[in-house]
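As the structure is a prediction and not an experimental result, all values here were calculated from the model. Just so we're on the same page: letters track the sequence lines, and every chain starts at 1.
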There are 2 protein chains.
Amino acid sequence: MERVKEPCAPAEPEAPAESGKTRIQARNEARILDAAQEVFAERGFRGATVDAIAAKAGMSKPNLHYYFKRKSDLYVAVLRRTLDIWLEPFAELDPEGDPEIELRRYIARKLDMSRLYPDASRVFANEMLQGAPQLRGYLAGELRELVDRKAEVIRHWIARGVLSEIDPHHLVFLIWAATQHYADFDPQVRAVLGKRKLGEQDFADIEESLCRIIFRGLLP
Amino acid sequence: MERVKEPCAPAEPEAPAESGKTRIQARNEARILDAAQEVFAERGFRGATVDAIAAKAGMSKPNLHYYFKRKSDLYVAVLRRTLDIWLEPFAELDPEGDPEIELRRYIARKLDMSRLYPDASRVFANEMLQGAPQLRGYLAGELRELVDRKAEVIRHWIARGVLSEIDPHHLVFLIWAATQHYADFDPQVRAVLGKRKLGEQDFADIEESLCRIIFRGLLP
DNA sequence: CGAAATTTTTACCAAATGGTCAAGAAATAA
DNA sequence: TTATTTCTTGACCATTTGGTAAAAATTTCG
């Protein structure tokens, strides 16, 4: 039943392929995750149908169930993948670095994610709106610890006198809210700006405006 | 068929009761709207079931359908009610006022809404996440015009020299994102802060932190 | 090749769900 | 009271949906 193969070369030519997985397995699981992210993003967990995900992944529903037994498994898998991507640049904030440079880089990377992977952001937002039934534990555990650690970094900057006295947590929330807004509320943003799509230049403008306000403030 | 009554006193004792509506009608429609807002908020449009809404409103499903023919009618009604509430304080931004006072008041009122009517915010967020199928027209019409008008107010402040040069639209987005975040991402905020519920004091702190960053900036 | 494991498909439930209909219960008006 | 309108309900239906079983097709490997 379980695969016991792979006695050959360890280095795979294509996808990183978590060891213990067939080429087909890796490819199809990736396809399914991508399709699921799209569908979950635009319909929410309950609104997404396994049929729609399967169709978008180019396979039949029973075939999809061969890889992910339950719809919720798939949902959690999508969320975990998103979190892995999101965590990284946040964890890199360096207490010895210059806050303006460090935070600007973080904001830029977070905006990149909103631009490049808006669906990931939307699935996460959806999970929050529903009360985070799947991520509750993660939020109160891993995430909270990470944020607390980074709050220390911010306090360190304040103590060094290179940052104004502000509540680190609310600063983090502000950055998260502002950057994710452009993915999650994209229809509103586009409608108000009168644009058909937000391009690279738009996001460059967003970064500039956002950083100007956050670092220098509104008052002259 | 259609009601043609009400030849009596115009002043109703209780609910404002849109004219042309029975006491029972007004009461039940309000109950249904409140229930619908709750259910839509936590399950999204497709995830919400008419049964659940009817149950929460304390009536049977066919009875609910007597007041709202289709589930989507109900959804739109909830959204419109939210928008009416949200628009008001934004429209009040006064170009002749002091920007710090005007914007601070607006931020405070917007935070009040996140605290008092978080479900309304979540239903709206949900609609955005799904691509705003119901509000598309409204966003590109009414809302865009209003925002453009208020962008002029902000430019007026800049021209008067009482505000730094920033892009008015992105300032508005920043305020919206930051304030709504505390309703929409409530589970994450609570988990990270380690609080069971955000109270009035928490929101006072939020207002203070937010305004400090937005007006004075992070740099000392 | 041929056997074993893996992958895919066809056919199919049982439950949930949006919505309807016709009849009955309450109000309301005359 | 009686007639009329408004409100509520139980029974019901067509469709959708998550999920399964088992056989068929394909790949892998000795």
Rounded to whole Å, CG of B:L64 lies from C1' of C:dC21 at a distance of 17 Å

Counting only N and O atoms by type, is there a donor-acceptor contact under 3.5 Å from the side chain of B:R136 to the main-chain atoms of B:G131?
yes

Can you tell which of D:dT17, D:dA21, C:dG19 lies closest to the side chain of A:P62?
D:dA21

CZ of A:R212 to CD1 of A:I214, rounded to nearest 0.5 Å, is 13.0 Å

OP1 or OP2 of D:dC7 under 4.0 Å from side-chain N/O of B:Q25:
yes

Using whole Å, what does the distance between atom P of nucleotide C:dT9 and atom CD1 of A:I24 come to?
12 Å

Report yes or no: is there a donor-acceptor pair, N or O only, under 3.5 Å between the side chain of A:K71 and the base of D:dG19?
no

Out of C:dT20, C:dT8, D:dT17, whichever nucleotide has its closest atom nearest the side chain of B:H65
C:dT20

Hey, are the side chains of A:L83 and A:L135 touching, using non-hydrogen atoms and a 4.5 Å cut-off?
yes

Could you check whether A:S60 gets within reach of a base, just the sugar-phosphate, or nothing at all, counting any heavy atom under 4.0 Å?
base

C:dA26 C1' sits how many Å from B:R23 CZ, rounded?
14 Å

Would you mind reading off the distance between B:L74 atom CG and C:dG18 atom C1', rounded to a whole angstrom?
13 Å

The side chain of B:R70 is closest to which nucleotide in this list: C:dT6, D:dT20, C:dG19?
C:dG19

Which part of the nucleic acid, if any, lies within contact of A:F68, taking any heavy atom under 4.0 Å across all strands shown: a base, the sugar-phosphate backbone alone, or nothing?
nothing

Between A:F45 and A:Y75, what is the ring plane arrangement, given parallel below 30°, perpendicular above 60°, and tilted in between?
tilted

Fit a plane to each ring of A:F173 and B:H181, take the angle between them on a 0 to 90° scale, and name the class: parallel (under 30°), tilted (30 to 60°) or perpendicular (over 60°).
tilted

If you check the B:T49 side chain, which of D:dT27, D:dT9, C:dG18 turns out closest?
C:dG18

Distance in angstrom units between A:I53 CD1 and D:dG18 P, rounded
8 Å

How would you label the contact of A:A52 with the nucleic acid (heavy atoms, under 4.0 Å): base, sugar-phosphate, or nothing?
nothing

Atom CZ of A:F40 to atom P of D:dT17: distance rounded to whole Å?
13 Å

Would you say B:Y66 places a side-chain N or O within less than 4.0 Å of OP1 or OP2 belonging to D:dT8?
no

Here the distance between atom P of C:dA15 and atom CG of B:D51, to the nearest Å, is 16 Å

On DNA chain C, check which nucleotide each of B:G47 and A:M59 is closest to and give me the residue with the more 5' one.
A:M59

Taking the nucleotide of DNA chain D with the nearest heavy atom to each, does A:R43 or A:K69 sit closer to the 5' end?
A:R43

Any B:N63 side-chain nitrogen or oxygen under 4.0 Å from OP1 or OP2 of D:dC7
no

Rounded distance in Å - OH (A:Y75) to P (D:dG18)
14 Å

How about A:W86 and A:Y117: are their ring centres within less than 6.0 Å of each other?
no

Considering only heavy side-chain atoms of B:V50, the closest of C:dG18, D:dA11, D:dC7 is C:dG18

